[in-house]
Amino acid sequence: MDNMLNVALPKGRLGEKVYNMFEKAGFECPSIKENNRKLIFENKELGVRYFWVKPSDVAIYVERGAADIGVAGKDILLEYEPDVYELLDLNIGKCRMAVAAKKEFRDDNQKTLIVATKFSNIAQQYYLSKGRDIDIIHLNGSIEIAPILKLSDVIVDIVETGTTLKENDLEVKENIVPISARLIANKTSYKFKSDKINKIVNEIGTQTEA
Ligand code: PRP
């Protein structure tokens with residue numbers, strides 16, 4: 001294991017916010033702000049290395065130890081249940097997981113409910129807890145189309161502003177769980193790199209309280 005702290009950041013707007021939090025915490029890496037297509041950046045003096053990965057892949061890098069820590073959405077943590085430590089709620093990237101359907105949709109308990117979603121595990125567990133019989137249709141995106149085309153009765157998806165639902169004549173029927181970005185750590189790394197990781201947790205912790 002090298003001495004650098006390897007940090008997986010979610011590529012995109014949220015990731016830039018997250019990097020700024022790390023920078024404020026004393027782990028700056030100025031080269032990351034040069035706008036190029038590079039994916040790995042390091043500051044040898046501070047002993048930190050950042051890499052940009054697809055947001056839904058952060059947890060895999062951390063679980064497998066390719067990254068020591070990273071930032072992942074609670075949606076991904078609930079869906080894939082990676083074996084990692086969840087250290088901190090960053091209080092950014094806030095949204096919610098919800099059940100949505102066409103306004104006129106009324107659930108008929110006598111029938112199996114058809115649910116389209118990218119979050120099959122979350123949906124499965126939610127309806128299991130309610131004792132509701134469902135069929136899942138796993139989709140990879142543009143979930144909102146499914147009830148419009150009668151592919152499904154409802155969807156389980158992320159709602160942030162609600163604009164996507166509104167513009168497709170759908171509405172939230174049930175809230176499942178609030179979502180936000182979380183700082184996660186590889187379990188072994190947390191033991192061996194606890195100094196740096198705890199420093200980050202403490203520094204970023206004060207930023208999220210502010
Ligand atoms: C997410 C989600 C909704 C939308 C919700 O989609 O699946 O479609 O954002 O945001 P809103 O409530 O602010 O409109 P994303 O952009 O991740 O794309 P995809 O699910 O279609 O891949």
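All values reported here derive from a predicted model rather than from experimental measurement. Counting starts at 1 for both ligands and their atoms, following the listed order.
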Check your understanding: With sequence neighbours left out, which residue pairs that include part of residues 73-122 fulfil the ring pair (Phe, Tyr, Trp, His ring centres under 6.0 Å) condition?
Key -> Y85-Y190
Listed pairs under 3.5 Å, donor-acceptor, residues 141-162 side chains, sequence neighbours left out:
residue	atom	partner	partner atom	Å
S152	OG	V154	O	2.9
D153	OD2	I114	N	2.8
T161	OG1	T163	N	3.2
T161	OG1	T163	OG1	2.7

**Study point:** Verdict with supporting geometry, D135 and T112, side chain to side chain donor-acceptor pair (under 3.5 Å)
**Key:** CA-CA 7 Å; D135 265 348; T112 299; 5.5 Å; no
Exercise for review: Indicate whether the side chain of S180 and that of N91 have a donor and an acceptor atom separated by less than 3.5 Å.
Suggested key: no
Exercise for review: Could you pull out every protein residue that has a heavy atom closer than 4.0 Å to ligand 1, ordered by chain and then number?
Suggested key: K118, G141, S142, E144, D157, I158, V159, E160, T161, G162, T163, T164
**Study point:** By ring-ring contact (aromatic ring centres under 6.0 Å, His included) - contacts of Y19 (at least two apart)
**Key:** Y50
Practice item. Verify the neighbour count for atom CZ of F22: are there more than 12 heavy atoms of other residues, nucleotides or ligands below 6.0 Å? Key: yes
